[in-house]
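Order of appearance sets the numbers: ligands from 1, and atoms from 1 within every ligand. We count residues from 1, following the sequence as given.
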Amino acid sequence: MADPPATPAQEPDRRRAAPPAFAAPVVRTFSSTLAPATPTPPPPFRQFPPSLATGDSEETPGSAVIVAESDSSSSPAETQESSNQVYSNGSSRDILAPDQQSDAKSQPTFGLANGRTNLIPGGPPPGPPGAIPMGAPPANFNHPPHFLGPPPLHQFSGPPGPPPFSSPLRPIPTFTGVGASPVRGSTFSEIPLAAGTPPPQPGSANGYPSSADQPLYNTLVEDDFEASGQSASSSFVLFTSQTMLKDKKLTNTASLGFGALVSLGREVSPSPPMLRREGIRCRNCGAYVNLFCAIVPSSGHWKCVLCNKLNSSEGEYKSATSENVRSWPELVTSVIDYADAGNRRPGLMSVTDSTMAAPVVILVDESLDEPHLQHLQSSLHSFLDSLSPTTRIGIVTFGKTVSVYDLSELALAAADVLPGDSTPSQELLKMLIYGTGVYLAPIHVCLGVAQNIVSSLRPYRGDLPEVARDRCLGTAVEVALSLIQGPATELPRSTVKRSGGSNRIIACVGGPNTLGLGSLPYSDTHPNYAYLEKKAIKQMDQLGHEARRLDTAVDVLCAGTCPVRICALQPLVKSSGGVLILHDDFGETFGINMQRAVRRATGFRGVLEVRCSSEVAVTRVIGPGEEAHLESSEFRKDSATAVQLLSVEDCQGLALNMELVENILGDFAYFQFVARYTNTYHLQVTRVITVRLPTTGSPSTYLQSLDDEVAAVLIAKKSVLQAEKPSDLADVRASLDERVKDIGLKFGKQMPKTKVWRFPKELPRLPELLFHLKRGPLLGNVVGHEDERAVYRSIFLQASFDLALRMLAPRLLMHRDGGTFEELPAYDLALQSDTSLVMDHGTDLFIWTGLDVAADEALSAASAAACRTLANELTESRFPSPRLLAFKEASSQSRYLKSRLIPAHKDPPYEQEARFPQLRSLRPDQRGRLKSSLIPTDDLSFCEWMRSLKLVPPEPS
Ligand SMILES: [Zn+2]
């Protein structure tokens, strides 16, 4: 099908003045900057000013230092000012501001008088009364619970916890299945898992008191309090249903499935309570004590909910009563953070820390044409202004060579140049690292220099087409990693234990990697192309893993119309835990994404452990993680599923598919998610999330408790994972049809005297969400270029629930008089000429203006402003920030929006009105106009599709 062009026509950004006539950067060799100590002869490489790297320059003598005068007309101050005009929302986050921990210090702390000082159960409550205000449980992910006051501390918590454990898990015995990555089994797409390890045998002797002969009480917590404590977990974990079927066969119905979406890095306010100590764990299975555990008042023993064994708390809970239980936050709320600051002072960064803060290295493509470069310079100026003063940055450009800029050169832009066509030798890198240049510097020291460097960048001056220009991206990443590694660069990377934290390399790329490490020939008609592609993928994957060992995520931000050959870039990004994003240009959205890329991580070096009731097994994990290889456990019966997280951040999440390995006998099933990571303040955090689901024998109770949006996202992640190649698409779409049909047959009702089944009314949204999935950018024909789909796919597979749901099915909002918006089904019946529409499709956001609105200047301006404001609100914290396009009805771009709407105009009027009630508010002439404006199409409407599956669609919710 003929799609609209992937990119609208480029226009130079007229808001910015022409780039200042800044001189070309200084280029120097190592032989001139190095101490003569090294016996190694000067490296034999040609060096070029980056802007001249087109191959026709004269070779520069090895010792020359080319100095050029900088133009005084472009002072850094001016540059900043002009960039500020472009983006007004680039506020910076100040790392030095007191963080939540230091805030919490001034708050009343938990547990000051607990433990041994208050041995009589039922004594006066030692904790501050009312420290945990009640609140209604949140309805969903979008409304973080207001269940807690300021994050409390538990600094004086009596006896120490169990002995520290460095490798608490035993490995999953066998990992089955094939990961999605072509190279290393699983990177982020799927973490294959064996069906759970055998559950611990009940009644096995374990050396602990049996639960039978101990008096237990578990009514510590009153009901409403319990509800708010339990609901805290819903900010981080969403299950497909709020109850579990006891029956194994029905739960494991493959078409519907059971599971959870986990987003551990979500930033919620208020943040979960944080205890400055280690958590108390079950010595049998490794689970943490939690709000569902029964406590023995006489001894302080607690009963593990996962394995039913009694554990000692070493007296810690001896005094716990229903009155004072709030002194132990871990016993009253479902999400708790344990922090171990090590020898660092939490909340404050020392001077050393601020100079050693995790660096951000910016890689800039040297072969951009003038309009692209102007956009990029504008974005880079804003980006630099937005960084917090302590952020260390580095600037590297790549083309035929790699230029590493010296941030200590105040008056002029100076760079050291390395060859781009091969991996730099250790000697060369050593010369760079030990040279006189300063390549990483905190922004408060080097902002002016950095802005000068950006202003000095030159457009491409050769005559090669974009796709054929030299871009040694892989080599540039290699050099950037050496800068990050610093003087330790001589050591093998696998032996380096610590770097500054979550480092970042952000590559601004306008075309494919064509030179050196991981490059591809620019023409795919090259006789050896298939072999070279395989080699490039392997090299980039290795480079990504190397980056990861240095805690460095590589983000590749592409822009322009030139194909970048995603297949060879994606492995680098995936293996390092970064993100690849395509942009139409280097303008506003590109700049916003650069800024959000730096801020998005909430932690690094993360591991997730999942423990469940013995009847439940985690069968598959999809998302930004790798199977974790953990050494033998100190716990006897630890059957945790462990996943190494590639990143811990707000907009990412894991999808966990689960199955029952046997029927459930008890009234509840328990799940515990434990995330260990280092947060941005260098605190070692262990976040423990415990969820209890009631079990039921009634399928209808189960169906009623289903969350069809969570179920749809889980199904969609499985389906999109399968659609790796374009040739898979038809099969995956067909399997979605089968799935919906099977859910209808298994859970729906047969219509009398027909072979038609009514889809279960408890899942009113599910089939339509999956219909959108089938038609939309992930599996359908909406996206023109396969590269674009590959990028959507990888973002979707990493996405948290909110972002994944938006990418799955668009959200449509109609502008109303007075600036309000009405949410409507994403049907083409909304294309009414006297309205404006906003469509949010996760990675794309469209603003559509009807012709009647466009004709009225005042109305058009007001509606455009309202739509733009809404668009910003919807996507304020989203990463990646979506592409935003605004267009009028009947323009060629309006097909972007139209192709994503369900063609409901084909349905009979009664069905239209039932599913799109807003139609009833239209006058007959309006309806007539709408009808005539919608052209016939072969695409099925939702109702037609359901009928083709012999299903009656559920009533709209
Ligand atoms: Zn246990």
Q. Taking only residues at least two apart or on different chains, which pairs with a member in residues 645-656 satisfy salt bridge (charged side-chain N to carboxylate O under 4.0 Å, His left out)?
A. R600-E649

Q: Please say which of V296, N311, I295 ends up in a side-chain contact (heavy atoms from CB on, under 4.5 Å) with H301.
A: V296

Q) Around the Zn ion (ligand 1), what protein N, O or S atoms are found below 2.8 Å? A) C282 SG, C285 SG, C304 SG, C307 SG

Q. Is it the case that T641 and E609 place a side-chain donor and acceptor less than 3.5 Å from each other?
A. no

(Q) Under the ring pair (Phe, Tyr, Trp, His ring centres under 6.0 Å) definition, can you give me all pairs with a residue in residues 259-283, not counting sequence neighbours? (A) none

Q: Sequence neighbours left out, what passes side-chain contact (heavy atoms from CB on, under 4.5 Å) with T253? Give chain and number order.
A: L250, S255, D742, K746, F747

(Q) Below 30° counts as parallel, above 60° as perpendicular, anything between as tilted: where do the rings of F673 and F671 land? (A) parallel

